[in-house]
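Please read these numbers as outputs of a predicted model, since none were measured by experiment. Just so it is clear, the values below take in all heavy atoms, side chains as well, and ignore hydrogens, waters and symmetry mates.
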Amino acid sequence: MSATNMNMMSRIIFYEDRNFQGRSYDCSSDCADLSSYLSRCHSCRVERGCFMVYDRTNYMGNQYFMRRGEYADYMSMMGMSDCIQSCRMIPMYRGSYRMRIYERENFGGQMYEMMDDCDNIMDRYRMSNCMSCHVMDGHWLMYEQPHYRGRMMYMRPGEYRSFMNMGMGNMRFMSMRRIMDSYY
């Protein structure tokens, strides 16, 4: 099956209340503002594919990675302080993964090229800060703490010159993981 066909099959269902109760909204693509469809969103079911969900509209705020499964009360499960406000479908990707991480903004300072997961940039590269990156291939999750913990950010192919200008404040990224097809 081609990647395009697989992406068209991505599906997440949002529910207003916990435990899949209340009104629902069926979604197969990006949605910048769920309030157009639901007054609130407290549970969801990912039937196919992977999604990033955000606690603010327009793909802003805290981000959470959702793979196939049921999230009856994800707020207490993930420590979310608010309900889901927007979501982004993560396209299926099969191929090589490549990303350059930089110590400073605007691709300054030390640079390292990664092609696989890194559970701690300090241990692997002796790098205490990662302030910009260039994703050449694949889709990645970057985490605030080592060992894929803490707040996360979804990175698609592209240039990210300043994480501070992306609304992440002083958040530093200390570990990175590829979004592999096994997650689908």
Same hydrophobic cluster for [X] and [Y], using side-chain heavy-atom links shorter than 4.5 Å among ILVMFWY?
{"X": "Met136", "Y": "Met99", "result": "no"}
{"X": "Phe173", "Y": "Met122", "result": "yes"}
{"X": "Tyr97", "Y": "Tyr125", "result": "yes"}
{"X": "Met115", "Y": "Ile121", "result": "no"}

Determine the minimum heavy-atom distance between [X] and [Y], stating which atoms define it.
{"X": "Ser132", "Y": "Gly108", "result": "OG-N, 4.5 Å"}
{"X": "Cys87", "Y": "Val53", "result": "CB-CG1, 4.0 Å"}
{"X": "Arg94", "Y": "Met92", "result": "NH2-CE, 4.1 Å"}
{"X": "Met174", "Y": "Ser128", "result": "SD-O, 3.9 Å"}
{"X": "Ile13", "Y": "Glu47", "result": "CD1-OE2, 3.5 Å"}

Calculate, to the nearest 0.5 Å, the distance between atoms [atom1] and [atom2] belonging to [X] and [Y] respectively.
{"X": "Met52", "Y": "Met153", "atom1": "CE", "atom2": "CE", "answer": "9.0 Å"}
{"X": "Cys130", "Y": "Ile101", "atom1": "SG", "atom2": "CD1", "answer": "5.0 Å"}
{"X": "Arg45", "Y": "Ser43", "atom1": "CZ", "atom2": "OG", "answer": "8.0 Å"}
{"X": "Phe163", "Y": "Asn129", "atom1": "CZ", "atom2": "CG", "answer": "10.0 Å"}
{"X": "Met180", "Y": "Cys50", "atom1": "CE", "atom2": "SG", "answer": "12.0 Å"}
{"X": "Met89", "Y": "Ser10", "atom1": "CE", "atom2": "OG", "answer": "5.0 Å"}

List for me each residue that meets salt bridge (charged side-chain N to carboxylate O under 4.0 Å, His left out) alongside [X], sequence neighbours excluded, and say none if there are none.
{"X": "Arg104", "result": "none"}
{"X": "Arg124", "result": "Asp116"}
{"X": "Arg40", "result": "Asp17"}
{"X": "Arg172", "result": "none"}

(request) List in chain and number order the residues that pass ring pair (Phe, Tyr, Trp, His ring centres under 6.0 Å) with Tyr160, two or more places apart in sequence or in another chain; answer none if no residue qualifies. (result)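 Tyr160: no ring pair (Phe, Tyr, Trp, His ring centres under 6.0 Å) contacts found.
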(request) Any pair with a residue in residues 22-37 that passes salt bridge (Lys or Arg N to Asp or Glu O under 4.0 Å), sequence neighbours left out, goes on the list, sorted by first then second residue, please. (result)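 Only Arg11-Asp26, Glu16-Arg23, Asp30-Arg88 qualify under salt bridge (Lys or Arg N to Asp or Glu O under 4.0 Å).
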(request) Write out all pairs satisfying salt bridge (Lys or Arg N to Asp or Glu O under 4.0 Å) with one or both partners inside residues 130-148, taking only residues at least two apart or from two chains. (result)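 Output for this query lists Arg98-Asp137, Glu144-Arg151.
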Hey, does [Y] have a side-chain heavy atom less than 4.5 Å from the side chain of [X]?
{"X": "Trp140", "Y": "Met114", "value": "yes"}
{"X": "Leu34", "Y": "Gln85", "value": "no"}
{"X": "Met66", "Y": "Cys44", "value": "yes"}

For [X], give me all partners under side chain to side chain contact (heavy atoms under 4.5 Å, CB included), at least two apart in sequence or on another chain.
{"X": "Ser162", "value": "Glu105, Met164, Asn165"}
{"X": "Tyr37", "value": "Tyr25, Cys31"}
{"X": "Gln110", "value": "Glu103, Tyr112"}

(request) Take Asp119 and Tyr148, measure what side chain to side chain contact (heavy atoms under 4.5 Å, CB included) needs, and give me the verdict at the end. (result) CA-CA 6 Å; Asp119 69 351; Tyr148 319 116; 3.5 Å; yes
Just by distance, do the side chain of [X] and the backbone of [Y] share a donor-acceptor pair under 3.5 Å?
{"X": "Arg126", "Y": "Asp123", "value": "yes"}
{"X": "Asp73", "Y": "Arg18", "value": "no"}
{"X": "Ser24", "Y": "Tyr15", "value": "no"}

(request) Could you identify which residues cluster with Tyr102, counting Ile, Leu, Val, Met, Phe, Trp and Tyr as linked when any side-chain heavy atoms lie under 4.5 Å apart, either directly or through a chain of such contacts? (result)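 Same cluster as Tyr102: Phe107, Met111.
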(request) Report the C-alpha distance between Arg56 and Ser86 in whole Å, list the side-chain angles of each, state the deciding distance to 0.1 Å, and finish with yes or no for side chain to side chain contact (heavy atoms under 4.5 Å, CB included). (result) CA-CA 6 Å; Arg56 291 178 41 207; Ser86 57; 6.0 Å; no
(message) With no hydrogens and no angle check, just 3.5 Å: does a side-chain donor-acceptor pair link Arg178 and Tyr93?
(response)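 The criterion, which ignores hydrogens and geometry beyond distance, is not satisfied for Tyr93 and Arg178.
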(message) Restricting to side chain to side chain donor-acceptor pair (under 3.5 Å), what partner residues turn up for His139, sequence neighbours left out?
(response)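 Tyr154.
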(request) Could you please spell out the steps behind the side chain to side chain contact (heavy atoms under 4.5 Å, CB included) verdict for Met142 and Cys133? (result) CA-CA 10 Å; Met142 295 180 75; Cys133 76; 4.1 Å; yes
(message) Does Phe65 form a side chain to side chain contact (heavy atoms under 4.5 Å, CB included) with Met152? I'd like the steps, not just the answer.
(response) CA-CA 8 Å; Phe65 177 69; Met152 66 180 76; 3.7 Å; yes
